[in-house]
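What follows is one structure encoded as structure tokens, with my remarks underneath.
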Amino acid sequence: MANYKIMKKIVFIFIMFIGLSVNAQANKPFIPTKGEITFKEVSKIIDRKLFDKDLQISKEKFKKTLQNSLLKESNGKGKEIEIEQMVSQNAEMMEMMMFPQDSSQIYAFKFDNFKIISSNSADEIMSERYEVIDTQKNISTTFSKIDSTTTFNEKIYAYSSNIILRTIVDKKSKKTINGYDCYKVIYEYKENNEGNDEDYLEFIRNTIYKREMWVTDKIRSLYHPVVFEKSILEKYYPLDILETQSDIKGYERKFTLQTLTLK
């Protein structure tokens, strides 16, 4: 009986040891080489009153900017009325083109050793365009299919040139996403508009974008379907992203994890 109790204790300790080892392995940071990660985007107006107020201000700024820019061009002289009408039409399209409501897209990455197949779809219908990223050579090749002809364009993979203004890390806030322990990171940025004309800069210069993210530090990759700021990906891997912008309140873009099978 004593030997039986000893054996039970040994087996129990062995099982605990195996469990702890498996858990430690699961929590070990890794560089993904296989599997898939996908996000679903839903963009929507969350406060119509605030949105309409800011959109109207933005439309007027846009009209002034575009009109000034077109009138400066050599072929703009004598076409003031025509340009004014065209500018008004473009301004009315701002909401539809720049702030679509409930537009659902899927952003997908498939990892295959040193290659990543990147694609996105509208309303979950896969498009005829996709990108292959060679992570060893840092080369991006975009394939496009038109009718029965497939064309491709190869270039150096480019990270975002956005200017990050500040980053807030909140490790006290915790959330589990797809089995990964996550904490909150918030960063604000503005677009790098170097090289754009002064009229456009006047329209866009004060826009600040804010991203509130739930991130893990267990996935180590400089490639992400939604986030392209290298300095962010060097430290965090986002699994949930909410984006807003300073000049248009009442509107948000949310990217929610749909699939995660990376290994």
Quiz prompt | side chain to side chain contact (heavy atoms under 4.5 Å, CB included) between S144 and Y130, worked out | solution = CA-CA 7 Å; S144 301; Y130 65 94; over 6 Å; no
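- Between D170 and V185, every side-chain heavy-atom pair lies at or beyond the 4.5 Å cut-off.
- Taking 4.5 Å as the limit, some side-chain heavy atom of K184 sits within range of a side-chain heavy atom of I186.
- Between C182 and T176, the closest side-chain pair of non-hydrogen atoms is not below 4.5 Å.
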Quiz prompt | CA sep, side-chain torsions, deciding dist, call: F99, L55, side chain to side chain contact (heavy atoms under 4.5 Å, CB included) | solution = CA-CA 10 Å; F99 305 101; L55 182 65; 4.0 Å; yes
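- Side-chain N/O atoms of Y187 and E229 include a donor and acceptor closer than 3.5 Å.
- The nearest pair of heavy atoms linking E36 to A108 is OE2-CB, 4.2 Å.
- Between the side chains of E131 and S140, a donor-acceptor pair is found at a separation under 3.5 Å.
- Residues M98 and I57 fall into different hydrophobic clusters, defined by Ile, Leu, Val, Met, Phe, Trp and Tyr side chains chained together at heavy-atom separations under 4.5 Å.
- At least one side-chain heavy atom of I241 sits under 4.5 Å from a side-chain heavy atom of V227.
- Taking a 6.0 Å sphere around CZ of R166, one finds it holds 12 or fewer heavy atoms contributed by other residues, nucleotides or ligands.
- Under the 4.5 Å side-chain contact rule for hydrophobic residues, Y107 and L242 do not share a cluster.
- By the 4.5 Å heavy-atom criterion applied to side chains, D47 and K249 are not counted as neighbours.
- Counting non-hydrogen atoms of neighbouring residues, nucleotides and ligands closer than 6.0 angstrom, the CD1 atom of I31 reaches no more than 12 such neighbours.
- Transitive grouping of hydrophobic side chains (ILVMFWY, heavy atoms separated by less than 4.5 Å) keeps F114 and L233 in distinct clusters.
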Quiz item: Between F30 and I219, is a side chain to side chain contact (heavy atoms under 4.5 Å, CB included) present by the stated rule, with each step listed?
Solution: CA-CA 5 Å; F30 71 98; I219 300 173; 4.0 Å; yes
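- In this structure a side-chain-to-backbone donor-acceptor pair under 3.5 Å is present from R220 to D217.
- With salt bridges taken as basic N to acidic carboxylate O contacts below 4.0 Å, one links D112 and K34.
- Smallest separation of non-hydrogen atoms from S173 and W214: O-CZ3, 3.5 Å.
- With hydrogens and angles left out, the side-chain atoms of E243 and Y209 include no donor and acceptor closer than 3.5 Å.
- V169 is connected to M213 through a chain of hydrophobic side-chain contacts under 4.5 Å among Ile, Leu, Val, Met, Phe, Trp and Tyr, so both are in one cluster.
- When all heavy atoms of Y251 and S43 are compared, the closest pair comes out as OH-CB, 3.2 Å.
- Across all their heavy atoms, I248 and S58 have their closest contact at CD1-CB, 3.8 Å.
- Residues T207 and D247 have side chains that bring a donor and an acceptor to within less than 3.5 angstrom of each other.
- Under the 4.5 Å side-chain criterion, counting only non-hydrogen atoms from C-beta, K49 is not in contact with K53.
- Side chains of Q136 and D134: no donor on one and acceptor on the other come within 3.5 Å.
- Classification of K254 and D240 as a salt-bridged pair holds, one side-chain N sitting under 4.0 Å from a carboxylate O.
- Between F111 and I37 the shortest side-chain heavy-atom distance falls below 4.5 Å.
- Put simply, the side chain of Y237 gets close to the backbone of Y223: a donor and an acceptor are under 3.5 Å apart.
- Of all heavy-atom pairs between F228 and P225, the closest is CZ-O, 3.5 Å.
- One finds the CZ atom of R211 at 12.0 Å from the OG1 atom of T167 (value rounded to the nearest 0.5 Å).
- Here the straight-line distance linking atom NZ of K137 with atom NZ of K115 works out to 7.0 Å at 0.5 Å rounding.
- Seen from the ring of Y183, K174 does not count as a face-on cation partner, given the 6.0 Å and 45° thresholds.
- Between I116 and T135 the shortest side-chain heavy-atom distance falls below 4.5 Å.
- Counting heavy-atom neighbours within 6.0 Å of K110 NZ, excluding the residue itself, gives a total of 12 or less.
- Residue F109 holds its CZ atom at 13.5 Å from CG of L260, rounded to the nearest 0.5 Å.
- Listed for the T38 side chain is a donor-acceptor partner under 3.5 Å among the backbone atoms of T259.
- Each of L257, L262, T261 was evaluated against N178; a single residue qualifies, L257, per the side-chain contact (heavy atoms from CB on, under 4.5 Å) test.
- Between atom CG of residue L239 and atom OG1 of residue T256 there is a gap of 11.5 Å, rounded to the nearest 0.5 Å.
- Ion pair R253/E41 flagged as a salt bridge, since at least one NZ, NE, NH1 or NH2 atom sits closer than 4.0 Å to an Asp/Glu carboxylate oxygen.
- Note that the NE2 atom of H224 and the OG atom of S118 stand 11.5 Å from one another [nearest 0.5 Å].
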Exercise. Could you check L165 against I208 for side chain to side chain contact (heavy atoms under 4.5 Å, CB included), going step by step and ending with a plain yes or no?
Key: CA-CA 9 Å; L165 303 173; I208 296 174; 3.9 Å; yes
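- Using modelled atom types, one finds no donor on one side chain facing an acceptor on the other under 3.5 Å when comparing N162 with E191.
- Atom CD1 in I163 sits 5.0 Å away from atom NZ in K190 (nearest 0.5 Å).
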